[in-house]
Amino acid sequence: MADEQKFPNQADISQILPGVKHTIAVASGKGGVGKSTVAVNLAVALVKEGFRVGLIDADIYGPSIPMMLGVNEKPKVMRVGDKSMLLPLVKYGLKLISIGFLVEEKDAIVWRGPMASSALKQFITDVNWGVLDYLIYDMPPGTGDIQLTLVQTIPLSGSVIVTTPQDISLSDARKGANMFTKVNVPVLGIIENMSYYTNPDGSKEYIFGKGGGEKLSAELGINFLGDISLNTNIRIAGDEGKPIVLKEPESEQAKQFMDIAHNLDEYMKKLGENASQKPKIDISL
Ligand SMILES: Nc1ncnc2c1ncn2[C@@H]1O[C@H](COP(=O)(O)OP(=O)(O)O)[C@@H](O)[C@H]1O
Ligand SMILES: [Mg+2]
């Protein structure tokens with residue numbers, strides 16, 4: 001990492017990605033909590049709200065976004081001046097690059113940190129993103145060296161942490177929040193996924209526990225962006241390559257994602273108004 005340039009904070013975004021307003025990492029301490037599902041639906045929800053959005057699938061352990069959006073092509077290369085640039089794919093109005101487009105899945109999982117961070121850096125410097133309101137990263141789960149290197153490699157406005165209400169997931173989410181805070185990346189919010197299951201009679205079943213995400217938000221002094229229920233149609237929509245916010249826009253689950261996108265954008269606006277003040281995030285390490 002010694003000779004690698006780091007892009008540690010928001011001030012750098014305007015230099016490195018001049019056309020991009022906000023860059024946001026979707027992260028989780030633990031895998032399998034629905035991070036990619038949230039990243040995809042959040043990105044598409046922002047497109048539906050009228051924003052220009054890009055999505056980077058940076059999960060070297062499981063690049064699942066091509067499947068969730070039903071795309072799997074190699075991005076085209078174009079010349080910009082004397083430089084070769086990758087053209088992001090476009091699906092549902094969303095610009096998209098995945099580590100899965102560039103390497104075979106079986107190769108990606110044996111990558112080491114420096115390889116992952118140099119690939120990720122290329123996604124920023126060698127992709128013709130154009131003008132975007134939001135560039136969203138689906139990060140690899142965990143809080144180890146690889147993740148730490150990655151968050152220091154990319155210019156981030158902030159992160160959102162996805163957790164389920166289960167204790168083990170919450171404790172990993174806490175570690176995730178700490179990791180970002182350590183490298184001065186603001187945690188913009190917590191999203192609770194798989195919050196409850198609605199029984200056929202309409203009653204709610206809190207399979208993984210109740211209210212854990214909100215409690216964690218309160219404990220850490222971080223904004224709570226909203227919750228998403230556990231619902232088979234979310235999984236099916238992801239498997240079919242058409243996110244639930246598009247496939248069933250009137251469903252309760254689609255509305256939950258739309259609310260989260262709205263809350264995040266409102267929060268970004270508020271931060272913008274107070275741009276001279278740093279967001280106050282009180283996390284005791
Ligand atoms: N709220 C939900 N309801 C039902 N299934 C979900 C929900 N969130 C995620 N899933 C499913 O759980 C699995 C893991 O989700 P994924 O987004 O791939 O997690 P991660 O990226 O954190 O590993 C996927 O099959 C996905 O479709
Ligand atoms: Mg994933």
Check: [Y] and [X] side chains under 4.5 Å, non-hydrogen atoms:
X      : Y      : result
Met67  : Asp239 : yes
Asn231 : Thr198 : no
Met139 : Ile154 : yes
Ser84  : Met78  : no
Phe101 : Leu86  : no
Pro243 : Leu69  : yes
Thr37  : Phe257 : yes
Asp126 : Lys83  : yes

Treating [X] as the side-chain partner and [Y] as the backbone partner, does any N or O pair qualify as donor plus acceptor under 3.5 Å?
X      : Y      : answer
Lys95  : Val53  : no
Gln256 : Ser229 : yes
Ser157 : His22  : no
Asn193 : Val162 : no
Asn263 : Leu225 : yes
Lys121 : Thr153 : no
Trp129 : Phe123 : yes
Lys30  : Asp172 : no
Lys175 : Thr143 : no
Gln253 : Ile228 : no

To the nearest 0.5 Å, what is the distance between CD1 on Ile190 and CG on Leu216?
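Ile190 atom CD1 to Leu216 atom CG measures 4.0 Å (nearest 0.5 Å).
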
What is the distance from atom CD1 of Ile24 to atom CG of Leu42, rounded to the nearest 0.5 Å?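 Output value for this atom pair is 7.5 Å.
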
- request: State, without any angle test, whether Ser64 and Ser36 hold a side-chain donor-acceptor pair at a distance under 3.5 Å.
  value: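 Their side chains do contain a donor-acceptor pair, which is all the 3.5 Å distance test asks for.
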
Flag if over 12 foreign heavy atoms under 6.0 Å of NZ, Lys48
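Count over threshold, so yes.
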
Applying a strict under-4.5 Å side-chain criterion to I, L, V, M, F, W and Y, I'd like to know whether [X] and [Y] cluster together.
X      : Y      : answer
Val47  : Leu87  : no
Phe208 : Ile191 : no
Val33  : Leu230 : no
Ile99  : Val77  : yes

- Task: With sequence neighbours left out, write down each residue that passes side chain to side chain contact (heavy atoms under 4.5 Å, CB included) with Asp265, or none if nothing qualifies.
- Result: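 Scan of Asp265 (side chain to side chain contact (heavy atoms under 4.5 Å, CB included), adjacent residues dropped) gives Phe51, Tyr134, Lys269.
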
Item to check | Partners passing side chain to side chain contact (heavy atoms under 4.5 Å, CB included) against Asp201 (at least two apart in sequence or in another chain) | outcome: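 Residues passing side chain to side chain contact (heavy atoms under 4.5 Å, CB included) with Asp201: Asn199, Ser203.
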
Could you tell me whether Asp259 and Lys255 have a side-chain N and a carboxylate O separated by less than 4.0 Å?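 A salt bridge is absent here (no side-chain N lies under 4.0 Å from a carboxylate O).
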
